[in-house]
Peer 1: 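Pasting a structure here, questions to come.
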Amino acid sequence: MFEKLSILKGIHPGFFLEHELKKKKLSKRQFAISLAEHPQTIGTITKGKRDMNTSLSLKAEKALGLEEGFLMMLQMFYDIKIEKEKNNNNNIPNLDLIRPILFWDVKLEKINWDQHKEFIISRVFERGNENEQKEIQRFYGKETILAILSKLPVDNYIKTKKVKNN
């Protein structure tokens, strides 16, 4: 079970449920009725707007031939992911020092500062001003900045030298 879970870790169990229903060519409505559940319940779970509960999990697993506890394990790993994201939001750089225009293509409040650090560092050192670069360097640390910038094309060599000098 855990081999399959490692691939699916962090996704909402409803997305997996929807995939299984499509694979078996079952409508959400048919499936819900077969489990003695409201179709709206299955619909909101498959959209990720409602959590999976133990009772429904057991019924769905039995009906779909899944291992007992599989959907609840997915729910647990999804809950862990959400909790980590909440904690990561507390650990962000000082956004007052970073112009939102640098990240015109994403919402600044939606950035996962840990997961997307390569993108952020390259963007700030390519297009950011000195204050933005100093804040990103303070946030990630000089070693992390140098490691990421050293992977970038040669024209960023100058930027790497700038980090070493700060």
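Note that the structure is predicted; figures quoted are calculated from it, not measured. Just so you know, these numbers use all the heavy atoms, side chains as well, and skip hydrogens, waters and symmetry mates.
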Peer 1: Take atom CZ in Arg29; do more than 12 heavy atoms of anything else shown fall under 6.0 Å from it?
Peer 2: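 No, because the 6.0 Å sphere around CZ of Arg29 holds 12 heavy atoms or fewer from other groups.
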Peer 1: For His38, what residues pass the side-chain contact (heavy atoms from CB on, under 4.5 Å) criterion, not counting sequence neighbours?
Peer 2: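 So His38 forms a side-chain contact (heavy atoms from CB on, under 4.5 Å) with Gln40, Thr41.
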Peer 1: With the 4.5 Å side-chain cut-off for hydrophobic clustering, are Ile111 and Ile92 part of the same group?
Peer 2: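 Same cluster: Ile111 reaches Ile92 through Ile, Leu, Val, Met, Phe, Trp or Tyr contacts under 4.5 Å.
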Peer 1: Got a sec, which residues hit side-chain contact (heavy atoms from CB on, under 4.5 Å) with Ile80, two or more places apart in sequence or on another chain?
Peer 2: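 Applying side-chain contact (heavy atoms from CB on, under 4.5 Å) to Ile80 gives Met76, Phe77, Lys84.
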Peer 1: To the closest 0.5 Å, what do you measure between OG (Ser57) and NZ (Lys62)?
Peer 2: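 It comes to 13.5 Å.
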Peer 1: Asn129: which residues meet the side chain to side chain donor-acceptor pair (under 3.5 Å) condition with it, sequence neighbours left out?
Peer 2: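 Residues passing side chain to side chain donor-acceptor pair (under 3.5 Å) with Asn129: none at all.
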Peer 1: Determine which pairs satisfy salt bridge (charged side-chain N to carboxylate O under 4.0 Å, His left out) with at least one residue from residues 91-108, sequence neighbours left out, and list them in order.
Peer 2: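 For residues 91-108, and leaving out neighbouring residues, the salt bridge (charged side-chain N to carboxylate O under 4.0 Å, His left out) pairs sorted by first residue read Arg99-Glu132, Asp105-Arg123.
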Peer 1: What residues form a side chain to side chain donor-acceptor pair (under 3.5 Å) with Asn53, not counting sequence neighbours?
Peer 2: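 With neighbours one apart ignored, the set is empty.
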Peer 1: Flag the pair Leu8 / Phe15 as yes when at least one side-chain heavy-atom distance between them is below 4.5 Å, and no otherwise.
Peer 2: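 No. Closest side-chain heavy atoms not under 4.5 Å.
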Peer 1: Under the side-chain contact (heavy atoms from CB on, under 4.5 Å) criterion, do Ile98 and Asn94 qualify, and how do the steps go?
Peer 2: CA-CA 7 Å; Ile98 298 173; Asn94 182 350; over 6 Å; no
Peer 1: Please say yes or no: joined through hydrophobic side-chain contacts below 4.5 Å, possibly via intermediate residues, are Ile11 and Phe70 part of one cluster?
Peer 2: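 Shared cluster, yes.
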Peer 1: Check whether any side-chain heavy atom of Gln137 lies under 4.5 Å from a side-chain heavy atom of Lys142, and answer yes or no.
Peer 2: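 Gln137 vs Lys142: side chains touch.
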Peer 1: Check side chain to side chain donor-acceptor pair (under 3.5 Å) between Lys28 and all other residues, then give those that pass, not counting sequence neighbours.
Peer 2: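 With neighbours one apart ignored, the set is Glu18, Thr46.
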Peer 1: Partners of Lys59 by salt bridge (charged side-chain N to carboxylate O under 4.0 Å, His left out), sequence neighbours excluded?
Peer 2: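 Only Glu37 meet the salt bridge (charged side-chain N to carboxylate O under 4.0 Å, His left out) criterion with Lys59.
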Peer 1: Please list, chain by chain and in numerical order, all residues satisfying ring pair (Phe, Tyr, Trp, His ring centres under 6.0 Å) with Phe103, sequence neighbours excluded.
Peer 2: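 Partners of Phe103 by the ring pair (Phe, Tyr, Trp, His ring centres under 6.0 Å) criterion, ordered by chain and then number, come out as Phe119.
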Peer 1: Could you check whether any side-chain N or O of Gln75 sits under 3.5 Å from a backbone N or O of Met52, counting only pairs where one atom can act as donor and the other as acceptor?
Peer 2: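 At least one qualifying donor-acceptor pair exists.
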Peer 1: Distance-only, no hydrogens or angles: does the Glu68 side chain make a donor-acceptor pair with backbone N or O of Glu61 under 3.5 Å?
Peer 2: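 The answer is no, because no donor-acceptor pair under 3.5 Å joins these two groups.
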Peer 1: Quick one: do His12 and Leu17 satisfy side-chain contact (heavy atoms from CB on, under 4.5 Å)? Show the steps, please.
Peer 2: CA-CA 9 Å; His12 192 279; Leu17 178 60; over 6 Å; no
Peer 1: Could you work out, with side chain to side chain donor-acceptor pair (under 3.5 Å) as the rule, every residue matching Ser27, not counting sequence neighbours?
Peer 2: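 Residues passing side chain to side chain donor-acceptor pair (under 3.5 Å) with Ser27: Gln30.
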Peer 1: Is any side-chain heavy atom of Leu26 closer than 4.5 Å to a side-chain heavy atom of Glu20?
Peer 2: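 No; the side chains remain at least 4.5 Å from each other.
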Peer 1: In chain order, what residues pass the side-chain contact (heavy atoms from CB on, under 4.5 Å) check against Glu118, with sequence neighbours excluded?
Peer 2: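 For Glu118, the residues satisfying side-chain contact (heavy atoms from CB on, under 4.5 Å) (neighbours in sequence not counted) are Ile148, Lys151.
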Peer 1: With rounding to the nearest 0.5 Å, note down the distance linking OH in Tyr78 to CE in Met72.
Peer 2: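 Reported value, rounded in 0.5 Å steps: 13.5 Å.
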Peer 1: Any side-chain heavy-atom pair from Leu64 and Leu71 closer than 4.5 angstrom?
Peer 2: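 When only atoms from C-beta onward are counted, Leu71 and Leu64 do not touch, as no gap falls below 4.5 Å.
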Peer 1: Output the distance between atom CG (Leu146) and atom CD (Glu143), rounded to the nearest 0.5 Å.
Peer 2: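 Nearest 0.5 Å value for the CG-CD distance: 7.5 Å.
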Peer 1: With side chains defined as the heavy atoms from C-beta onward, is the minimum distance between Leu97 and Ile136 less than 4.5 Å?
Peer 2: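 No, too far: nothing below the 4.5 Å cut-off.
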Peer 1: Under a 4.5 Å side-chain heavy-atom rule over Ile, Leu, Val, Met, Phe, Trp and Tyr, are Leu58 and Leu21 clustered together?
Peer 2: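 Result: no, two separate clusters.
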Peer 1: Which residues satisfy the side-chain contact (heavy atoms from CB on, under 4.5 Å) test with Phe139, sequence neighbours excluded?
Peer 2: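 Once residues adjacent in sequence are excluded, the partners of Phe139 under the side-chain contact (heavy atoms from CB on, under 4.5 Å) criterion are Asn91, Pro93, Trp113.
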Peer 1: Can you list the residues that meet the salt bridge (charged side-chain N to carboxylate O under 4.0 Å, His left out) rule with Arg50, with sequence neighbours excluded?
Peer 2: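 Checked Arg50 against salt bridge (charged side-chain N to carboxylate O under 4.0 Å, His left out); zero matches.
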Peer 1: Should Ile121 and Val106 be counted in the same cluster of Ile, Leu, Val, Met, Phe, Trp and Tyr side chains packed under 4.5 Å apart?
Peer 2: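 As far as the 4.5 Å side-chain criterion goes, Val106 and Ile121 are connected within one cluster.
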Peer 1: Minimum heavy-atom separation for Pro39 and Ala32, please, with both atom names.
Peer 2: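 That closest heavy-atom pairing would be CA-CB, 3.6 Å.
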Peer 1: Considering only heavy atoms from C-beta outward, does the side chain of Asp51 approach that of Asp79 to under 4.5 Å?
Peer 2: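 They are in contact (side-chain heavy atoms under 4.5 Å apart), so the answer is yes.
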Peer 1: Please tell me if the side chains of Leu108 and Leu102 come closer than 4.5 Å, counting only heavy atoms from C-beta onward.
Peer 2: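 No, every pair of side-chain atoms sits at 4.5 Å or beyond.
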